[in-house]
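Just so we're on the same page: letters track the sequence lines, and every chain starts at 1.
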Number of protein chains: 2
Amino acid sequence: MAAKKAYCDCIETIKPVRDALDVINGKWKLPIIISVGVGNDRFTDIQESIPGITPKVLAKELKDLEQHRLVVRTVIDGYPVKITYQLAQYADTLTPIIYSLKNWGLNHRKKVTDRA
Amino acid sequence: MAAKKAYCDCIETIKPVRDALDVINGKWKLPIIISVGVGNDRFTDIQESIPGITPKVLAKELKDLEQHRLVVRTVIDGYPVKITYQLAQYADTLTPIIYSLKNWGLNHRKKVTDRA
DNA sequence: TATAGTGCTTTCCCAAAGGAAAGTGGAATA
DNA sequence: TATTCCACTTTCCTTTGGGAAAGCACTATA
């Protein structure tokens, strides 16, 4: 017999949501993906396009995103060496998440300012 | 004349996304919303439905969610006093976010296990 | 020759997140 | 009377995130 439980079961939703959150956690991952996705492919450009981000954090987050195969780092030989960042195709699958967050954020801001 | 900028502009997407992330930040907010949304309305039930959450964290996150008007705490007088939590209607607007995260998480887990 | 840009790294530091464990006060239950 | 349940709170501690500032190796530009 299964153990009785008073609470309603929701692990089947919570588990995948947490899997997703583990990948895109923190303040910076989605902003970086947005910035790279829009065409910023140089370290400095990405940095300047995201207000407040420091090079240390950007470097670390880019490495994380590479490991998760969402971003591809390319070294182009030549003088000087060029380094570019691009979204991996897999990052396209994040579009619905970004889209829904953007919409919600826009609506939320309106709601909060209306309140005041 | 506007200052020249080499980078592509993406603040209009980044800003609302960050507004949204500021509200649902951390490991626990969305799991809690999912749990309450599915019918868990007592503190202990919510706690037991979310693996790994401690009462301290749950109490703090519930307060945050109340402040953001996503969750409503109700005290029902009587002997003993009963306390229930429910989603505010506003929390329904999070459904697309949760849905897209869930889908992405499911797909991501498949992708990662296939890789191995 | 001096300065600026590129893509970072390094150090130092602080605050927030979060885990473990115990406790609390009242009421219900055995 | 003892134990349990409920909804937390409290304390202590560790980890993580992240900011500030400086530096570095290389190249390009003035």
Side-chain angles (χ1 to χ4, degrees), chain A residues 3-8 14 17-18 21-33 35-36 39-68 71-86, chain B residues 3-8 14 17-18 21-33 35-36 39-68 71-86:
Chain A
K4 64 166 178 184
K5 39 177 116 169
Y7 61 88
C8 303
I14 287 179
V17 167
R18 287 193 52 171
L21 290 177
D22 286 346
V23 175
I24 57 160
N25 58 358
K27 278 169 77 171
W28 301 112
K29 297 234 170 58
L30 287 179
I32 291 168
I33 286 171
S35 174
V36 177
N40 294 302
D41 62 346
R42 311 297 303 274
F43 191 91
T44 313
D45 289 343
I46 301 168
Q47 194 190 323
E48 281 171 5
S49 71
I50 304 174
I53 200 167
T54 61
K56 186 187 98 176
V57 169
L58 179 55
K60 190 229 162 205
E61 298 289 59
L62 280 171
K63 277 173 199 157
D64 283 4
L65 292 172
E66 255 195 283
Q67 284 207 332
H68 287 299
V71 161
V72 179
R73 189 185 117 117
T74 313
V75 181
I76 301 169
D77 286 334
Y79 300 98
V81 187
K82 236 188 175 188
I83 290 163
T84 67
Y85 293 92
Q86 255 124 354
Chain B
K4 63 167 177 184
K5 40 176 117 173
Y7 61 88
C8 303
I14 286 179
V17 167
R18 288 194 50 173
L21 290 177
D22 285 346
V23 175
I24 57 160
N25 59 0
K27 281 169 75 170
W28 301 112
K29 297 231 171 60
L30 287 179
I32 292 167
I33 285 170
S35 173
V36 177
N40 293 303
D41 63 345
R42 310 297 303 274
F43 190 91
T44 312
D45 288 343
I46 301 168
Q47 195 190 323
E48 282 171 5
S49 71
I50 304 174
I53 200 167
T54 61
K56 187 187 96 176
V57 170
L58 179 55
K60 188 228 163 208
E61 298 289 60
L62 281 171
K63 274 172 201 159
D64 282 5
L65 292 172
E66 255 195 281
Q67 284 206 332
H68 283 117
V71 161
V72 179
R73 189 184 116 118
T74 314
V75 180
I76 302 168
D77 286 332
Y79 302 97
V81 186
K82 234 188 177 187
I83 290 162
T84 67
Y85 293 93
Q86 255 124 355

Closest-nucleotide ordering on DNA chain D, the 5'-leading residue of I53(A) and V81(A)
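Per heavy-atom nearest nucleotide, the more 5' residue is I53(A).
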
All salt bridge (Lys or Arg N to Asp or Glu O under 4.0 Å) counterparts of K29(A), not counting sequence neighbours
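Partners of K29(A) under the salt bridge (Lys or Arg N to Asp or Glu O under 4.0 Å) test: E61(A), D64(A).
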
Rounded off to whole Å, could you give me the [atom1]-to-[atom2] distance for the [X] and [N] pair?
| X | N | atom1 | atom2 | answer |
| --- | --- | --- | --- | --- |
| D77(B) | dC6(D) | CG | P | 19 Å |
| D64(A) | dG18(D) | CG | C1' | 13 Å |
| K82(A) | dC26(D) | NZ | C1' | 16 Å |

With a strict under 4.0 Å distance from non-hydrogen atoms of chain A, what nucleotide opens and what nucleotide closes the contacted stretch of DNA chain C, reading 5' to 3'?
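Span of nucleotides near chain A: dT6(C) to dC12(C).
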
Taking all heavy atoms of R18(A) and all of P51(B), pick out the closest pair and write down the distance.
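Scanning both residues completely, I find the closest heavy atoms to be NH1-O, 3.7 Å.
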
Taking side chain to side chain contact (heavy atoms under 4.5 Å, CB included) as the test, write out the residues that go with T84(A), two or more places apart.
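For T84(A), the residues satisfying side chain to side chain contact (heavy atoms under 4.5 Å, CB included) (neighbours in sequence not counted) are D41(A), R42(A), T74(A), I76(A), Q86(A).
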
May I ask you to verify if any side-chain N or O of R42(B) is less than 4.0 angstrom from the OP1 or OP2 atom of dA7(D)?
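Checking dA7(D) against R42(B), a side-chain N or O does come within under 4.0 Å of OP1 or OP2.
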
Residues in contact with DNA chain C, drawn from residues 55-62 of chain A - heavy-atom cutoff 4.0 Å:
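Close to the strand are P55(A), K56(A), A59(A).
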
Heavy-atom contacts under 4.0 Å between residues 21-32 of chain A and DNA chain C, which residues?
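Of all residues in residues 21-32 of chain A, none places a heavy atom under 4.0 Å from DNA chain C.
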
Whether N40(A) side chain and S35(A) backbone form a donor-acceptor pair below 3.5 Å:
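Flag set: sc N40(A) to bb S35(A) pair under 3.5 Å.
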
Quick one: does I32(A)'s side chain get under 4.5 Å of Y85(A)'s, heavy atoms only?
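Counting from C-beta outward, I32(A) and Y85(A) never come under 4.5 Å.
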
Name the stems that DNA chain C belongs to, where each is three or more consecutive Watson-Crick or G-U pairs with both distances under 3.5 Å?
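C:1-30 with D:1-30 - these are the stems of 3 or more pairs that involve DNA chain C.
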
Could you give me the CA-CA distance, side-chain angles and deciding distance for I83(A) and F43(A), then say whether side chain to side chain contact (heavy atoms under 4.5 Å, CB included) is met?
CA-CA 8 Å; I83(A) 290 163; F43(A) 191 91; over 6 Å; no

